[in-house]
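Only one structure is covered here, and it is reproduced in the block below.
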Number of protein chains: 2
Amino acid sequence: MDDIRELKRVLHKENLRYTSQRKAVWDELCSSSDHRDAESIYLALRNSGIRVSRATVYRTIEVLVRHNMVRRLDLGDGRSRYENKLDPKHHDHLICLSCGRIEEFVDPDIEKLQEKVAEKHQFALRKHIHQLFGYCKDCQ
Amino acid sequence: MDDIRELKRVLHKENLRYTSQRKAVWDELCSSSDHRDAESIYLALRNSGIRVSRATVYRTIEVLVRHNMVRRLDLGDGRSRYENKLDPKHHDHLICLSCGRIEEFVDPDIEKLQEKVAEKHQFALRKHIHQLFGYCKDCQ
DNA sequence: GTTTCTATGAGACTCATTCTCATTTAGGGG
DNA sequence: CCCCTAAATGAGAATGAGTCTCATAGAAAC
Ligand SMILES: [Zn+2]
Ligand SMILES: [Zn+2]
Ligand SMILES: [Zn+2]
Ligand SMILES: [Zn+2]
């Protein structure tokens with residue numbers, strides 16, 4: 001139901017084939033705007049009867065990340081999370097150290113200051129990670 | 001030659017023993033203000049003839065991190081880096097995507113804005129990760 | 001020196017992720 | 001449609017950072 005068109009375009013561009021597994025992984029990533037780990041995507045697909053392997057889940061995510069359709073997050077716990085980037089608004093994350101809840105934030109001032117920092121150090125900025133860790137309202 | 005006193009104090013506080021291995025790991029971390037991975041610390045010690053195991057390197061770093069003598073960095077490449085915190089100035093990092101060079105930066109305005117963001121979301125802020133990735137002057 | 005109890009080393013283990021390779025399948029040409 | 005071929009897949013092996021186990025070594029206290 002989601003931007004299958006975009007998936008097809010990207011696969012076509014890289015001379016990759018449109019397969020049911022690739023479609024299923026992308027659908028699953030679009031089915032919520034959550035921050036999912038690879039295993040949960042794999043299990044969700046298996047549980048809904050789709051025949052797919054872990055290797056394929058990882059391989060597909062790789063393609064999606066490469067084409068900017070999915071963002072990979074590293075929360076420092078040894079498991080990558082993924083979120084779709086259909087909605088192109090950039091955001092960063094607040095992460096609860098107790099319950100794992102993830103909230104998103106955007107702060108244009110911080111974004112601007114980052115660019116200044118990079119300039120000052122003569123770095124050509126490509127991306128950034130900005131994560132605030134603490135205890136959420138419910139966990140304090 | 002470095003704050004061995006501080007190491008002793010911390011070990012004492014936790015009823016842990018002052019051993020040659022723990023001293024060696026701490027010395028190694030103090031010997032430069034670099035961002036080192038565990039393996040490089042292990043190898044440096046072995047190469048200088050110190051008898052120590054990987055397990056002990058990891059265990060010692062654990063203690064040091066717990067007592068705020070060392071900071072753990074996660075650069076998203078699957079290997080933690082460590083830097084001593086003798087110098088208590090907080091800083092964040094610029095990382096070159098090509099050569100791996102790491103530069104440090106501090107921006108009080110960003111720090112303040114982060115706190116505001118946390119407040120707005122009713123998070124009790126404990127720590128943050130702020131990393132700017134790009135290409136350094138030499139790699140552009 | 002003896003006792004006691006923690007620290008250490010070697011290597012087994014974990015767990016997310018990647019790799020291998022035999023088999024299946026997409027997609028283009030007939 | 002059917003064939004062909006290269007690409008995709010699945011199962012399970014491999015990898016690699018980090019952790020755990022347990023027999024032995026070594027601090028610290030007496
Ligand atoms: Zn919480
Ligand atoms: Zn997000
Ligand atoms: Zn560089
Ligand atoms: Zn640093």
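In what follows, chains carry the letters A, B, and so on, assigned in the order in which the sequence lines appear, proteins first and then strands, with residues in each chain numbered from 1.
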Of all heavy-atom pairs linking B/Cys30 and B/Asn84, the shortest is CA-ND2, 3.7 Å
note: A/Arg54, atom CZ; C/dA16, atom P; distance rounded to Å ~ 9 Å
Rounded to whole Å, the OH-P distance (A/Tyr42 to C/dT18) equals 16 Å
Rounded to whole Å, the CD1-C1' distance (A/Ile50 to D/dG10) equals 16 Å
Is the shortest side-chain N to carboxylate O distance from A/Glu119 to A/Lys116 below 4.0 Å? no
Side-chain atoms of B/Thr56 come closest, of C/dT8, D/dG18, D/dA11, to C/dT8
Exactly one of B/Arg36, B/Arg71, B/Arg72, B/Lys89 clears salt bridge (Lys or Arg N to Asp or Glu O under 4.0 Å) with B/Glu83, and that residue is B/Arg71
The nucleotide from C/dA10, D/dG18, D/dA11 with an atom nearest the side chain of B/Ser80 is D/dG18
To the nearest angstrom, the OH-P distance between A/Tyr18 and C/dG27 comes to 9 Å
* To do: Would you mind checking if A/Arg79 and A/Asp77 are paired as a salt bridge, meaning a charged N to carboxylate O distance below 4.0 Å?
  => yes
What residues 57-64 of chain B contributes to the DNA chain C interface at heavy-atom separation below 4.0 Å is B/Arg59
Whole-Å distance, A/Lys23 NZ to D/dT9 P, equals 14 Å
To the nearest angstrom, the CZ-C1' distance between B/Arg22 and D/dA25 comes to 14 Å
Tightest non-hydrogen contact, residues A/Leu75 and A/Gln131, listed as CD2-NE2, 3.7 Å
- Query: Would B/His90 and B/Asp92 count as a side chain to side chain donor-acceptor pair (under 3.5 Å) if you check the C-alpha gap in whole Å, the side-chain angles of each, and the deciding distance to 0.1 Å?
  - Reply: CA-CA 7 Å; B/His90 168 72; B/Asp92 292 297; 3.2 Å; yes
Side-chain atoms of A/Thr19 come closest, of C/dG9, D/dA8, C/dA7, to D/dA8
In whole angstroms, the gap separating P of D/dA29 from CG of B/Asn15 amounts to 10 Å
Out of C/dA16, C/dA7, C/dG9, minimum distance to the side chain of B/Val52 belongs to C/dG9
Looking at C/dG9, I'd like to know if its phosphate oxygens (OP1 or OP2) sit under 4.0 Å from a side-chain N or O belonging to B/Gln21.
yes
d(B/Ile61 CD1, B/Trp26 CH2) to nearest 0.5 Å is 11.5 Å
note: A/Leu16, atom CG; D/dA7, atom C1'; distance rounded to Å ~ 9 Å
The nucleotide from D/dA11, D/dA17, D/dG26 with an atom nearest the side chain of B/Arg17 is D/dG26
Out of D/dG18, D/dT9, C/dA10, minimum distance to the side chain of B/Ala55 belongs to C/dA10
